[in-house]
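All residue numbers refer to positions in the sequence shown, counting from 1.
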Amino acid sequence: MIPNLLLPLTDWNPQFFREVKGRFKPKNIGIAIAGSLAAQSMLLLFLWMALPSSIKDDYNRYCLSQGSYYERQCILDAAGNLLINWQLWWFDLFAILSWLLPLLLIVGGVYQLIADLAKEERRGTLNFLRLSPQTSQSILIGKLLGVPLVLWLAAIVAVPLHLWSASVAAVSTPAVLSIYLVTLMTCGFFYTGAVLYALLGKAQAWLGAGGAWFGYSIVFLAWQSTGEYAAGRLYLGPHKWYFLSINQSLLLSVLFASIICVLGALGIWKAINRRFRNPSSTLISKRQSYIMTLGFEIFLLGFAVRYIDKDFFHLIPDLISFIVGNTIWFLALMVALTPPRQVLLDWTRYRQNHDFQYHPHQRSLLRDLMSGEKSPALVAIALNLLISVAVLTPWIISWGDAKLQTTAFLGLLFSSLFLLICATLIQSTMMIKSHKRTISLAILLGLPVVILPIFLLIFRFNLNSNQALLWLFSAFALPGLVTASIQTIAFGLLAHIATLAILMTHATHQLRQAGKSELKALLAKRQI
């Protein structure tokens, strides 16, 4: 019998009602509450055992002490009992819960979402959901909210202890609320990422959960590395972003983290919404990519535009950091925009099967390459690179130093050519029939993007003109451009242009041949 309390859910979101009905069973609720209470009891017991013993009189973290830093001893009251620093004890409990609860929600939620969607895919019920009258948004929201529901119940049971420990430890209310707000935003980001991972056909829930644990650990370590300094407490966030001191204000820090999580989740949401409706489509459309790149470049530029003075030792490192972030963005964009092999074959056959000269109403090739859903991504990547250069140009022009400006624009040119080479390689690799094409591509791109820069940094090459040439063939040419001779730069530039021209010619030939073969096979079937 359906409880009357849950009936409104059937109208609001049938998928969420289905998840609640399937997971909110007395057995699951009992396990969640009992598990949460048991974990809290064990944590309290662990911290209780860490309290100083009345027998010992040596230093303990939780006893009030006196003496120098290396010779501190616990203080006894008149009755001979140790004086306990209970505020510190409760603060440690608060700190552990503040780390443990987000970890449980993020890692556990990611695991459950991937495992649930993989299970639905194996059983074939995911296709059944696609055919249901519900919208894809309704189904995905129901999954995101409903699958980790029991996990959230276990976390909510621990909230009273978390709030009580914060109260006794005299933690400010804004600090406590900021933890809950950032946890909600972070969970939204990781959960949408988990759904995208599952919709890409990745069924290894443990791998997704491991990635979430790694990402959360990096953020937590960054938070731990912040501390007190003379002017006040530092919070998680960049020191400067468009001249704003983010990490010196709790409000700015929370706002900054929330905006990043919300924008990231919205971008992933668009991808999973498209992928759920059509599993063979690209993750984002070309038109969406232009808007997303413009927003990302403006956001990324904030990390570079930090100082009023135009110092070489600020500008060049900031530009290198910008190019590193930009390279990661564009590699992800190539994966999101490159259609699968069969879609590329269909598009090529379609272009060859129609005489566009006598069908002017059909889309032109250039327009199709710029905004078509199934066309190759090379032209769209080039337009996105132009957007990136356009955003960065006013900042470089403001430097006022002609030599620095020339070096910066050369760095952008090398970076753009390298990324176009990567896009061409990705498209060519997608046309290969082998199932191991992803591994081949990872090796081809991993050498100049990861291995060569790390090798050059570890062995600390002196950047004379000859050794700077190695940097020009990596993904990050700017360090080499600073000291390279004109002949070296010219040689590197010609090598990049020649490589790009050869790869593009090969990719175009590959597409035409594949289209002809597909067309011949189709015509042969028709004749039969």
Give me the atom names and distance for the closest heavy-atom approach of [X] to [Y].
X	Y	value
Ser415	Ile323	OG-CG2, 3.8 Å
Tyr216	Ile106	CD1-CD1, 3.7 Å
Ser416	Leu385	O-CD1, 3.6 Å
Gly109	Leu151	N-CD2, 3.2 Å
Glu297	Trp329	OE2-CD1, 4.2 Å
Ala304	Asp318	O-OD2, 3.3 Å

Polar side-chain atom of [X] near backbone of [Y] as donor-acceptor pair, under 3.5 Å:
X	Y	answer
Ser178	Ala175	yes
Arg275	Thr282	no
Thr125	Glu120	yes
Asn384	Ala380	yes
Tyr191	Lys143	no
Ser398	Trp395	yes

When you compare the side chain of [Y] with that of [X], does any pair of heavy atoms fall below 4.5 Å?
X	Y	result
Cys422	Met334	yes
Val182	Val254	yes
Phe418	Phe476	no
Trp269	Leu144	yes
Met370	Lys286	no
Val168	Leu93	no
Ile114	Trp206	no
Ser258	Leu181	yes

Identified side-chain contact (heavy atoms from CB on, under 4.5 Å) partner of Leu163 from the options Val171, Val176, Leu97 = Val176

Begin with the C-alpha distance, continue with both residues' side-chain angles, and end with the deciding distance and a verdict on side chain to side chain contact (heavy atoms under 4.5 Å, CB included) for Thr183 and Leu101.
-> CA-CA 9 Å; Thr183 301; Leu101 291 178; over 6 Å; no

Could you give the distance from [atom1] ([X]) to [atom2] ([Y]), rounded to the nearest 0.5 Å?
X	Y	atom1	atom2	value
Leu337	Gln427	CG	CD	11.5 Å
Ile421	Ile426	CD1	CD1	12.5 Å
Leu255	Ile259	CG	CD1	4.0 Å
Leu366	Ser375	CG	OG	10.0 Å
Phe189	Met185	CZ	CE	13.5 Å
Cys187	Trp152	SG	CH2	4.5 Å

Got a salt bridge between Arg23 and Asp116, using NZ or NE/NH1/NH2 to carboxylate O under 4.0 Å?
-> yes

Would you please classify the geometry between the Phe303 ring and the Phe299 ring as parallel, tilted or perpendicular, with 30° and 60° separating the classes?
-> perpendicular

Is the Tyr180 ring parallel, tilted or perpendicular to the His162 ring (thresholds 30°, 60°)?
-> perpendicular

State, without any angle test, whether [X] and [Y] hold a side-chain donor-acceptor pair at a distance under 3.5 Å.
X	Y	result
Asn326	Ser388	yes
Arg274	Ser136	no
Gln40	Ser36	yes

Is the number of heavy atoms from other residues, nucleotides or ligands under 6.0 Å of [X] [atom1] greater than 12?
X	atom1	result
Lys270	NZ	no
Lys374	NZ	no
Tyr111	OH	no
Trp86	CH2	yes
Tyr290	OH	yes
Tyr242	OH	yes

I would like to know whether Leu392 and Leu319 meet side chain to side chain contact (heavy atoms under 4.5 Å, CB included); could you show each step before the answer?
-> CA-CA 9 Å; Leu392 205 57; Leu319 183 59; 3.7 Å; yes

Evaluate the criterion side chain to side chain contact (heavy atoms under 4.5 Å, CB included) for residue pair Phe296 and Leu263; output intermediate values, then yes/no.
-> CA-CA 10 Å; Phe296 179 78; Leu263 291 179; over 6 Å; no

Could you give me the CA-CA distance, side-chain angles and deciding distance for Asp92 and Tyr62, then say whether side chain to side chain contact (heavy atoms under 4.5 Å, CB included) is met?
-> CA-CA 10 Å; Asp92 281 354; Tyr62 299 115; 2.5 Å; yes

